[in-house]
Engineer: 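Following this message is one structure expressed as structure tokens.
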Amino acid sequence: MDDQTRMLGLGGGLGALSQADVGDPDSARKQQALGQPQQDIGDILQQIMAITDESLDEAQARKHALNCHRMKPALFSVLCEIKEKTVLSIRGVQEEDPPDPQIMRLDNMLLAEGVSGPEKGGGSAAAAAAAAAAGGSPNDGSIEHSDYRAKLAQIRQIYHSELEKYEQACSEFTTHVMNLLREQSRTRPISPKEIERMVAIIHRKFSSIQMQLKQSTCEAVMILRSRFLDARRKRRNFNKQATEVLNEYFYSHLSNPYPSEEAKEELAKKCGITVSQVSNWFGNKRIRYKKNIGKFQEEANLYAVKTAVDAANVSAQASQANSPATPNSGNPDNYTCQCR
DNA sequence: TAGGATGATTGGCG
DNA sequence: CGCCAATCATCCTA
């Protein structure tokens, strides 16, 4: 009860005000009623009810008068008593509920997709991973990647602006209600705890709206992602030069067609593809070669000649004066023996 | 347009 | 984690 009295600023002085100060047109009647508490309270209540029929100015004046009425503390304590009884029954019903698992899930999802949380240098991990795997030609991959990023950024922006709007509306509404309650606490008993509870109720309401926003944002990201992932499967054959480079390496290392990480990087650079694409290519090539060596015989011979000629050219350039190099001399992995 | 070629994905294994 | 094997999805050509 202490805080209520504090809130009211009732530090005395109510009794010091005369009816004349109040400027009440019914003062004469009330004057008669002084000393009769029951009638006084009835009077006050009547005046409270009458406030709704009055103009704003009149109502303000009446409110002030009521606040200063000498019977105010008595009425207030009665209200407090009534409230105490009713509030007790309410208490315990509204427990502090744990954080909503649904909203937590959505939060995690948005965070993982890079929609919420700190802006990562140009997009989500998902985008980066998808871009790395985005195959075909590197050009198309980058276009899809930037497309994805742009769309994700758009979603992100909308999400944040909407979230901001909600938060602003929530805080505005909360402040408004708090002010209203504080104002009302002058005439009826409202504890800070109750204000807190009211604020919590408002926040719960707003968080349910926020959940809807998060849900629809998640849906948007999922749709975008599925579209992007579908597009990822749209492959393009590597260009001729890239295939040639890969085949050259493959057939010149036929006894051990497993390029090291460095070799893969080198090949990727040469072909303008990613390292994982190089790995895919070698994986596919090894298995398909093994399955049907006969079918690849011609191709193998072709690249054998090619590498032999290249090697010959290199050695000829290196030492023109020396004896000419024999075919395949520069190639430690002579595939021809493998193919028979 | 059918069917082969080819790049990517997936699940299992060591 | 890298690789294999099977499979998918798309491209390409006759």
Side-chain angles (χ1 to χ4, degrees), chain A residues 105 108-109 112-115 120 122-152 218-307 310 331-340:
Chain A
R105 221 189 57 210
N108 287 339
M109 206 152 157
E113 294 296 337
V115 174
K120 296 170 199 165
S124 68
S137 71
N139 293 332
D140 280 5
S142 65
I143 286 165
E144 280 165 11
H145 183 203
S146 65
D147 214 35
Y148 180 88
R149 269 169 50 178
K151 293 236 165 70
L152 194 73
C218 271
E219 274 167 25
V221 172
M222 285 298 117
I223 289 166
L224 175 68
R225 222 168 121 71
S226 71
R227 263 191 215 153
F228 182 74
L229 290 176
D230 284 347
R232 190 176 51 168
R233 288 195 84 96
K234 274 187 184 165
R235 62 173 191 81
R236 284 275 158 79
N237 288 355
F238 299 156
N239 62 42
K240 231 176 175 176
Q241 186 248 336
T243 316
E244 224 156 89
V245 169
L246 294 166
N247 270 318
E248 258 174 55
Y249 187 97
F250 181 79
Y251 287 111
S252 64
H253 297 77
L254 207 46
S255 65
N256 185 36
Y258 297 88
S260 65
E261 203 53 38
E262 293 82 46
K264 278 183 194 171
E265 276 168 28
E266 180 82 28
L267 287 165
K269 217 197 258 176
K270 268 193 199 169
C271 302
I273 57 178
T274 66
V275 172
S276 62
Q277 282 179 303
V278 172
S279 300
N280 281 342
W281 190 92
F282 273 88
N284 284 324
K285 191 73 183 179
R286 279 192 297 266
I287 197 83
R288 283 163 189 165
Y289 179 82
K290 202 175 83 176
K291 266 188 179 172
N292 196 348
I293 292 173
K295 198 180 80 184
F296 289 93
Q297 189 64 69
E298 208 177 318
E299 191 179 68
N301 290 333
L302 198 80
Y303 281 100
V305 173
K306 207 166 150 46
T307 42
D310 286 352
N331 180 8
D333 294 307
N334 194 335
Y335 58 88
T336 42
C337 60
Q338 301 280 325
C339 305
R340 288 188 190 119

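The model shown is predicted, which means the values in this text are computed figures rather than measured ones.
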Engineer: Measure from the side-chain heavy atoms of A:F238 and tell me the nearest of C:dC4, B:dA8, C:dC11.
Structural biologist: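 Within the option list, the nearest is B:dA8.
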
Engineer: Taking only the side-chain nitrogens and oxygens of A:Y289, find out if one of them lies under 4.0 Å from OP1 or OP2 of B:dA5.
Structural biologist: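 Result: no.
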
Engineer: Looking only at non-hydrogen atoms, find the nearest pair between A:L246 and A:C271 and report the distance.
Structural biologist: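 Smallest interatomic distance, heavy atoms only, reads CG-SG, 3.9 Å.
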
Engineer: Please state how far atom CG in A:N239 lies from atom P in C:dC12, giving the value in whole angstrom units.
Structural biologist: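 Spelled out: CG on A:N239 to P on C:dC12 is 12 Å.
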
Engineer: About how many Å separate OH of A:Y251 and OG1 of A:T307, when rounded to the nearest 0.5 Å?
Structural biologist: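 The distance works out to 11.5 Å.
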
Engineer: Sequence neighbours left out, what passes salt bridge (charged side-chain N to carboxylate O under 4.0 Å, His left out) with A:K264? Give chain and number order.
Structural biologist: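 Applying salt bridge (charged side-chain N to carboxylate O under 4.0 Å, His left out) to A:K264 gives none.
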
Engineer: Mind running a 4.0 Å heavy-atom check of residues 259-268 of chain A against DNA chain B and sending the residues that fall below it, in number order?
Structural biologist: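 Residues of residues 259-268 of chain A under 4.0 Å from DNA chain B: none.
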
Engineer: Closest approach of A:P259 and A:F282, non-hydrogen atoms and distance?
Structural biologist: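 Looking at all heavy atoms of both residues, the closest pair is CD-CD2, 3.7 Å.
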
Engineer: Using the test side-chain contact (heavy atoms from CB on, under 4.5 Å), find all partners of A:K270 that sit at least two apart in sequence or belong to another chain.
Structural biologist: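 A:V245, A:E266.
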
Engineer: Kindly write out the residues that satisfy side-chain contact (heavy atoms from CB on, under 4.5 Å) with A:N239, not counting sequence neighbours, or none if the list is empty.
Structural biologist: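 Scan of A:N239 (side-chain contact (heavy atoms from CB on, under 4.5 Å), adjacent residues dropped) gives A:Q241, A:A242.
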
Engineer: Sorted by first residue and then second, give each salt bridge (charged side-chain N to carboxylate O under 4.0 Å, His left out) pair with at least one member in residues 274-286 of chain A; sequence neighbours left out.
Structural biologist: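 Salt bridge (charged side-chain N to carboxylate O under 4.0 Å, His left out) check on residues 274-286 of chain A returns A:K285-A:E299.
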
Engineer: If I take atom CG in residue A:L246 and atom P in nucleotide B:dA5, what distance separates them, rounded to the nearest angstrom?
Structural biologist: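 Taking CG of A:L246 and P of B:dA5, I get 18 Å after rounding.
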
Engineer: Between A:F296 and A:Y289, what is the ring plane arrangement, given parallel below 30°, perpendicular above 60°, and tilted in between?
Structural biologist: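 Because their plane-to-plane angle lies in the 30° to 60° range, the rings of A:F296 and A:Y289 count as tilted.
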
Engineer: Run the salt bridge (charged side-chain N to carboxylate O under 4.0 Å, His left out) test against A:K306 and tell me which residues pass, sequence neighbours left out.
Structural biologist: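 Result, salt bridge (charged side-chain N to carboxylate O under 4.0 Å, His left out) vs A:K306: A:E244, A:E248.
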
Engineer: Suppose we screen for salt bridge (charged side-chain N to carboxylate O under 4.0 Å, His left out). Which residues come up paired with A:E265, at least two apart in sequence or across chains?
Structural biologist: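 Once residues adjacent in sequence are excluded, A:E265 has no partner under the salt bridge (charged side-chain N to carboxylate O under 4.0 Å, His left out) criterion.
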
Engineer: Considering just the side-chain nitrogens and oxygens of A:Q277, establish if one lies under 4.0 Å of OP1 or OP2 belonging to B:dG7.
Structural biologist: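 A:Q277 to B:dG7 OP1/OP2: no side-chain N or O under 4.0 Å.
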
Engineer: What parts of residues 278-288 of chain A reach DNA chain C, counting only heavy atoms under 4.0 Å away?
Structural biologist: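 When residues 278-288 of chain A is checked for heavy atoms under 4.0 Å from DNA chain C, the hits, listed by number, are A:R286, A:I287, A:R288.
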
Engineer: Please report the closest heavy-atom contact between A:T243 and A:Y303, naming both atoms and the distance.
Structural biologist: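 Of all heavy-atom pairs spanning A:T243 and A:Y303, the closest is O-OH, 4.3 Å.
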
Engineer: So for the helix from B:dT1-C:dA14 to B:dG14-C:dC1, with five pairs setting each end axis, what is the inter-axis angle to 10°?
Structural biologist: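 Between the axes fitted at each end of the helix from B:dT1-C:dA14 to B:dG14-C:dC1 lies an angle of 10°.
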
Engineer: Nearest-Å distance, CZ (A:R236) to C1' (B:dA5)?
Structural biologist: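 Taking CZ of A:R236 and C1' of B:dA5, I get 16 Å after rounding.
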
Engineer: Let me know the distance between CG of A:N292 and P of B:dA5, rounded to the nearest Å.
Structural biologist: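 Taking CG of A:N292 and P of B:dA5, I get 9 Å after rounding.
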
Engineer: Can you measure A:N237 atom CG to C:dT10 atom P for me and round it to whole angstrom units?
Structural biologist: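 Taking atom P of C:dT10 as the reference, CG of A:N237 is at 13 Å.
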
